**Q** 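Can you keep this structure in mind? I'll have questions shortly.
As a basis for the values below, the full set of heavy atoms in this structure was taken, side chains included, without hydrogen atoms, waters or symmetry mates. Model, not experiment: these values are computed from the prediction.
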Amino acid sequence: TTMLFEAKSEWIEKLGPLSTYQDKLIKHCEFLTLMGGRGLFYIFQATLWLTFADSLMEYVVAIALGVVGVLHLFAHWGIFPHNIVQKAIAGVENITGQDINANGTVGR
């Protein structure tokens, strides 16, 4: 569900049923459209995952999901270091060879 808000809208539009589902989520779960709302939802998911974790891998995944939630909250409040975002985008662009942030260059 939360992945629908992280993917590019063009990708979701190509998948008809998912686009309809996303529209319903926007209507009934408006908090997911905000970085802070998604951050809190990720943290909620992480606590659920921790509650039912049985293995080390499940604990690691739950903690990673919680960290992603905290990073979303930081981004929502505008205190996330933008240089880290730019480095992450450049790294993904170098790996994929695609201009993700549409700045006309790949990997800068």
**Q** What are the two closest non-hydrogen atoms of H72 and G39, and how far apart are they?
**A**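 Here H72 and G39 meet closest at CB-CA, 3.5 Å.
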
**Q** Determine whether more than 12 heavy atoms belonging to other residues, nucleotides or ligands lie under 6.0 Å from atom CZ of F41.
**A**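 Correct, the count exceeds 12.
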
**Q** Find out if a path of hydrophobic residues (ILVMFWY) with successive side-chain heavy-atom gaps under 4.5 Å connects L32 to M35.
**A**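 Different clusters: L32 never reaches M35 through Ile, Leu, Val, Met, Phe, Trp or Tyr contacts under 4.5 Å.
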
**Q** Quick test of your reading: applying salt bridge (charged side-chain N to carboxylate O under 4.0 Å, His left out), list the pairs with at least one residue in residues 42-65, sequence neighbours left out, ordered by first then second residue.
**A**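 Found none.
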
**Q** Side-chain heavy atoms nearer than 4.5 Å, only ILVMFWY residues, links allowed to pass through others: does that put V60 and I63 together?
**A**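 Per the 4.5 Å side-chain linkage, V60 and I63 are not co-clustered.
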
**Q** Grouping I, L, V, M, F, W and Y whenever their side-chain heavy atoms are under 4.5 Å apart, do I26 and L34 come out in a common cluster?
**A**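 In one cluster: no.
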
**Q** If you look only at pairs with a residue in residues 26-39, which of them pass as a salt bridge (charged side-chain N to carboxylate O under 4.0 Å, His left out), with sequence neighbours excluded?
**A**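 Output for this query lists E6-R38.
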
**Q** Can you find a pair of side-chain heavy atoms, one from I43 and one from L73, that are under 4.5 Å apart?
**A**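 Sidechains of L73 and I43: in contact.
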
**Q** For G66 and A46, which heavy atoms make the closest approach, and how far apart are they?
**A**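 Minimum heavy-atom contact is N-CB, 3.5 Å.
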
**Q** Can you tell me how far NE2 of H28 sits from CG of D23, rounded to the nearest 0.5 angstrom?
**A**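 Reported to 0.5 Å precision, the distance equals 10.5 Å.
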
**Q** Kindly say whether L15 contributes a backbone atom to a donor-acceptor pair with the side chain of S19 at under 3.5 angstrom?
**A**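 Flag not set: sc S19 to bb L15 has no pair under 3.5 Å.
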
**Q** Taking all atoms of both residues into account, what is the closest heavy-atom pair of T47 and F44, and its distance?
**A**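 Taking T47 first and F44 second, the nearest heavy atoms are OG1-O, 2.6 Å.
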
**Q** Write down the atom of W49, the atom of A62, and the distance for their closest heavy-atom approach.
**A**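 For W49 and A62, the tightest heavy-atom pair comes out as CB-CB, 3.7 Å.
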
**Q** How long is the span from the CD atom in Q22 to the CG atom in L18, to the nearest 0.5 Å?
**A**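 The CG atom of L18 is 8.5 Å from CD of Q22, to the nearest 0.5 Å.
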
**Q** Between atom OG1 of T20 and atom CG of L25, what is the distance when rounded to the nearest 0.5 Å?
**A**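 Spacing of OG1 (T20) from CG (L25) equals 11.0 Å.
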
**Q** Report yes if some heavy atom in the side chain of L40 is under 4.5 Å from a heavy atom in the side chain of F31; otherwise report no.
**A**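 The answer is no; the side chains never approach within 4.5 Å.
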
**Q** With the 4.5 Å side-chain cut-off for hydrophobic clustering, are L48 and Y42 part of the same group?
**A**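 Cluster IDs for L48 and Y42 differ.
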
**Q** Determine whether M57 and L65 fall in the same hydrophobic cluster, where Ile, Leu, Val, Met, Phe, Trp and Tyr are linked whenever their side-chain heavy atoms lie under 4.5 Å apart.
**A**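 The answer is yes; both residues are in one hydrophobic cluster.
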
